[in-house]
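What follows is a single structure, written as structure tokens, with notes after it.
Every heavy atom of this structure was used, including side-chain atoms; hydrogens, water molecules and symmetry mates were not. Just follow the structure's listing: the first ligand is 1, and inside any ligand the first atom is 1.
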Amino acid sequence: MIRQQDLGDGIVALVFAGSGSVNTLDRATNEMFVQLVDELLGNADVTGIVLTSDKRDFVVGGDLKELQAATSTTEVKAIVEPFIRALRRLETGGKPVVAAMTGSALGGGLELALACHRRIATDNPGARFGLPEVTLGLMPGAGGTQRLPRLIGLAAAAPLLMQGRRLDVQEAKSRGLIDEIVEPDRLLDAAKAWAQANPTASQPWDRKGYVVPGFPVHSGPGRQFFVGTWANLKRTGPGFNDAGAEAILQVLQQGLERGLDAGIAIETRYFARLVVSNDAKNKIRTLFTGVNQAKSLRVRPDHVPPSQVAHLAVIGAGVMGRGIALNAAIRGIRVTMLDASAENAEKGREEIARYLQREAERGRLRSTPDDILRHIRAGADYQQIADADLVVEAVFERVDVKRAVLQQVAAVVRPDIPVASNTSTIPIARFAEDISQPDRVLGLHFFSPVDRMTLVEVVRAAATSDSTLARALDFLKQLGKTPVVVNDGLGFFTSRVITTYSCEAMNLIGEGVPPQLIDNASVKAGFAIGVASLMDLTTLPLLRDIFASMRGDGQRIANAGSIAEDTVAKLVELGRVGKVAGGGIYDYPPDGRIPWPGLKEHFPPRDSRPVEEATVMQRLLNVQSLEAVRTLDDGIIARPLDGDVACVLGWGYPAHLGGVFAYIDRVGAAQFIAQCEALAERYGERFRPPQRLYDMARKGERFHAA
Ligand code: NAD
């Protein structure tokens with residue numbers, strides 16, 4: 001919805017006034033915009049046009065739902081082309097056009113502003129300006145790749161386009177995206193005044209003699225720029241998938257050689273191709289739709305009133321306890337961090353202080369280390385947490401230790417507050433049962449490092465009440481996390497699925513497959529780091545303990561035919577620990593990394609035929625998807641999208657594959673079954689597909705619509 005507002009003296013404002021909390025450029029808005037632009041341009045009484053918003057933000061982008069539903073490039077073009085043409089008419093219509101931005105202008109919103117002759121923003125520290133499409137495997141599709149470099153130069157525009165960074169208002173002004181910053185109550189006056197003072201405004205690129213600022217594409221620096229940027233893109237690794245950034249670079253190179261209209265036509269062509277690509281659809285579904293649904297607390301029981309945590313108790317001042325305490329303190333929450341002794345707890349607090357100091361030196365903190373640290377109190381006396389609003393324990397991963405700690409907690413805190421465990425594997429029911437009022441116990445499984453990993457797996461046990469769940473979710477919202485709610489069970493969702501990945505890698509090591517081959521296969525699949533190297537970083541003794549705790553009753557199909565436990569146990573016995581201790585699967589001489597020579601001796605090749613990289617990749621990916629389907633069958637997760645979000649955010653599963661469920665859609669259920677049956681014959685029953693997949697294949701069903 002767009003309203004017209006008469007600002008007097010022939011100046012008319014088009015006020016974006018969408019029905020939701022933000023303005024997006026959906027089809028209905030675009031159609032209205034096209035019509036209003038033509039009306040205003042054709043009206044001789046109108047001498048200037050102002051684009052603005054009735055909301056805190058200006059316009060925050062296109063409608064991804066509509067783009068996601070498009071299945072052909074023709075359909076995509078039909079959505080964007082009328083809008084693109086209207087922008088062009090607007091900037092060449094002979095009337096001054098001013099963007100009066102109340103707050104953020106992102107994606108299509110910024111592209112709209114770039115088609116105006118003047119961009120004025122308010123002095124709003126929360127506002128962000130940028131073209132973040134690339135983070136979802138897309139690129140700007142409404143002239144952004146052509147107007148931005150023509151405005152600020154190729155070298156300045158390319159990183160903004162290819163990395164999708166969002167700038168605050170001051171930075172946006174200093175980089176030339178914004179012309180003027182004013183107080184909010186002066187916004188419309190300033191816009192009107194500029195329009196009145198510049199009745200014949202035009203765009204720089206439509207003036208005679210215009211050249212792109214900086215250097216032209218066809219120049220020494222231009223060629224150097226493209227060669228260097230291509231090389232950087234390719235250096236990121238074989239499986240690195242950034243089709244959006246590649247397309248942007250192509251469009252910059254081809255489009256800037258030509259006039260604006262030809263450049264925009266090239267942009268539209270690439271944009272439409274990206275929108276219908278499987279990679280972008282996967283990224284949009286998981287990183288946009290899935291993450292936003294999780295952040296909006298879709299499954300929060302809404303009959304429970306909203307809550308806030310003012311005082312958080314953290315038990316355990318180790319890696320995770322410190323991370324959780326710090327994360328909360330940064331958000332202004334008062335934290336008490338307890339450990340087995342006051343000395344231990346104090347050491348943990350000092351470690352946080354050192355970390356904050358380093359972060360401050362790198363300019364990564366908004367407040368001073370002292371301001372943050374002031375929120376954290378360390379100790380060993382449980383009376384200090386008597387008035388806590390929520391407790392998270394992060395002590396050793398042992399049932400007996402956790403039980404004892406939770407009982408001490410339950411004895412002092414208010415009976416109605418959530419008591420959470422950060423266990424990564426142990427079913428919550430195992431320590432909830434002997435606590436009075438087990439309905440207040442749940443799992444909050446944070447990931448390491450806590451300040452950078454946004455996922456929290458929220459484990460709802462059979463006894464967990466709606467109130468406990470709702471209050472825990474409110475707390476995660478306070479922390480800015482992305483919660484995925486799962487049901488209780490050994491390893492929940494994430495540890496259960498990720499363990500199959502590391503187990504399979506260890507199986508391959510045990511079969512004598514060279515670690516570089518295993519690493520290459522996972523990197524080619526799109527993981528940032530090879531899984532054999534990752535195991536060395538995790539450390540092999542820890543991996544051995546994880547495998548042991550995930551063994552369960554020993555009957556789990558995920559372990560059928562696996563030699564992973566024996567392999568890791570043997571490596572540990574042989575003194576192989578991991579990278580920290582000088583060597584694990586690899587040795588780490590000062591100049592790099594070589595496979596430990598003992599591997600060949602202790603794990604000779606089982607197969608006379610060399611194992612192909614494609615088979616290794618299939619084993620590493622299929623084993624995860626199979627276990628994920630079993631968690632769905634077991635009721636651990638409610639829907640595939642939750643699992644896809646959890647694996648992409650939780651262990652860096654390649655976003656362009658969408659996630660462990662989307663991967664089966666990509667391969668096709670029938671083909672996936674055929675692959676798994678062959679793997680089951682050769683490597684064991686853990687590859688046997690669950691019945692659900694046969695049913696899906698028969699009915700031609702998928703986990704996700706598109
Ligand atoms: P850690 O060994 O770094 O820290 C554990 C802390 O608990 C230590 O400071 C220890 O002194 C303290 N502690 C032990 N017994 C205690 C007691 N009785 N009372 C009070 N404090 C006690 O371990 P961590 O890596 O921080 O892991 C903690 C928990 O988080 C475990 O359950 C682990 O499975 C889980 N987790 C770890 C990670 C990870 O990547 N490290 C990720 C997710 C979850």
Side-chain angles (χ1 to χ4, degrees), residues 313-327 335-352 355 376-385 388 391-413 419-428 430-432 441-459 476 481 483-484 486 490-499 502 529 534-535 537-539 541-550 578 580 646-647 649-652:
V314 177
I315 321 293
V319 175
M320 295 306 286
R322 294 196 301 265
I324 297 164
L326 173 62
N327 204 190
V335 183
T336 301
M337 185 170 68
L338 304 183
D339 204 289
S341 69
E343 199 190 351
N344 267 2
E346 195 45 51
K347 268 195 209 146
R349 190 171 179 276
E350 283 162 13
E351 184 60 43
I352 295 177
Y355 175 80
I376 304 176
R377 178 173 60 162
D381 177 4
Y382 279 73
Q383 283 310 321
Q384 291 177 299
I385 64 165
V391 185
V392 185
E393 73 72 20
V395 299
F396 298 143
E397 185 76 346
R398 278 181 29 199
V399 179
D400 55 339
V401 179
K402 287 192 187 289
R403 251 196 197 152
V405 163
L406 290 175
Q407 290 197 355
Q408 273 177 281
V409 168
V412 291
V413 297
V419 176
S421 168
N422 184 44
T423 172
S424 33
T425 54
I426 308 166
I428 302 303
R430 290 193 59 192
F431 29 73
V441 183
L442 84 169
L444 289 183
H445 179 200
F446 287 82
F447 288 73
S448 177
V450 178
D451 57 340
R452 261 184 278 141
M453 300 293 280
T454 56
L455 180 72
V456 178
E457 186 176 29
V458 179
V459 187
L476 296 176
K481 295 294 185 195
V484 169
V486 306
L490 181 67
F492 329 117
F493 176 78
T494 56
S495 299
R496 208 171 136 174
V497 180
I498 195 180
T499 307
S502 33
I529 173 168
L534 186 66
M535 291 196 293
L537 289 174
T538 309
T539 76
L542 179 57
L543 207 60
R544 179 198 52 192
D545 294 348
I546 294 171
F547 288 179
S549 59
M550 286 305 299
V580 276
C647 67
L649 300 190
W651 63 95

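Just one residue in the list Val459, Ile498, Val486, Val484 forms a side-chain contact (heavy atoms from CB on, under 4.5 Å) with Phe493, and that residue is Val486.
With sequence neighbours left out, Phe547 forms a ring-ring contact (aromatic ring centres under 6.0 Å, His included) with no residue at all. In terms of the side chain to side chain donor-acceptor pair (under 3.5 Å) criterion, Arg430 has no residue partners (sequence neighbours excluded). Glu393 meets the salt bridge (charged side-chain N to carboxylate O under 4.0 Å, His left out) test with Lys402; sequence neighbours excluded.
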Please give the N or O to N or O pairs under 3.5 Å between ligand 1 and the protein, distances rounded to 0.1 Å.
unit_1	atom_1	unit_2	atom_2	d
ligand 1	3 (O)	Val319	N	3.0
ligand 1	9 (O)	Gly318	N	3.3
ligand 1	9 (O)	Asp339	OD2	2.7
ligand 1	11 (O)	Asp339	OD1	2.7
ligand 1	11 (O)	Asp339	OD2	3.3
ligand 1	11 (O)	Asn344	ND2	3.4
ligand 1	21 (N)	Asp339	OD1	3.4
ligand 1	21 (N)	Ala340	N	3.3
ligand 1	26 (O)	Val319	N	3.2
ligand 1	26 (O)	Met320	N	2.8
ligand 1	30 (O)	Asn422	ND2	3.0
ligand 1	32 (O)	Val395	O	3.3
ligand 1	32 (O)	Glu397	OE1	2.5
ligand 1	32 (O)	Lys402	NZ	2.7
ligand 1	34 (O)	Glu397	OE1	2.8
ligand 1	34 (O)	Ser424	OG	2.8

Can Thr425 and Glu397 be said to form a side-chain hydrogen bond (donor to acceptor under 3.5 Å, both in side chains), step by step?
CA-CA 8 Å; Thr425 54; Glu397 185 76 346; 2.7 Å; yes
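Thr336 and Gln384 are not linked by any side-chain donor-acceptor pair at a separation below 3.5 angstrom, with hydrogens and angles left out of the test.
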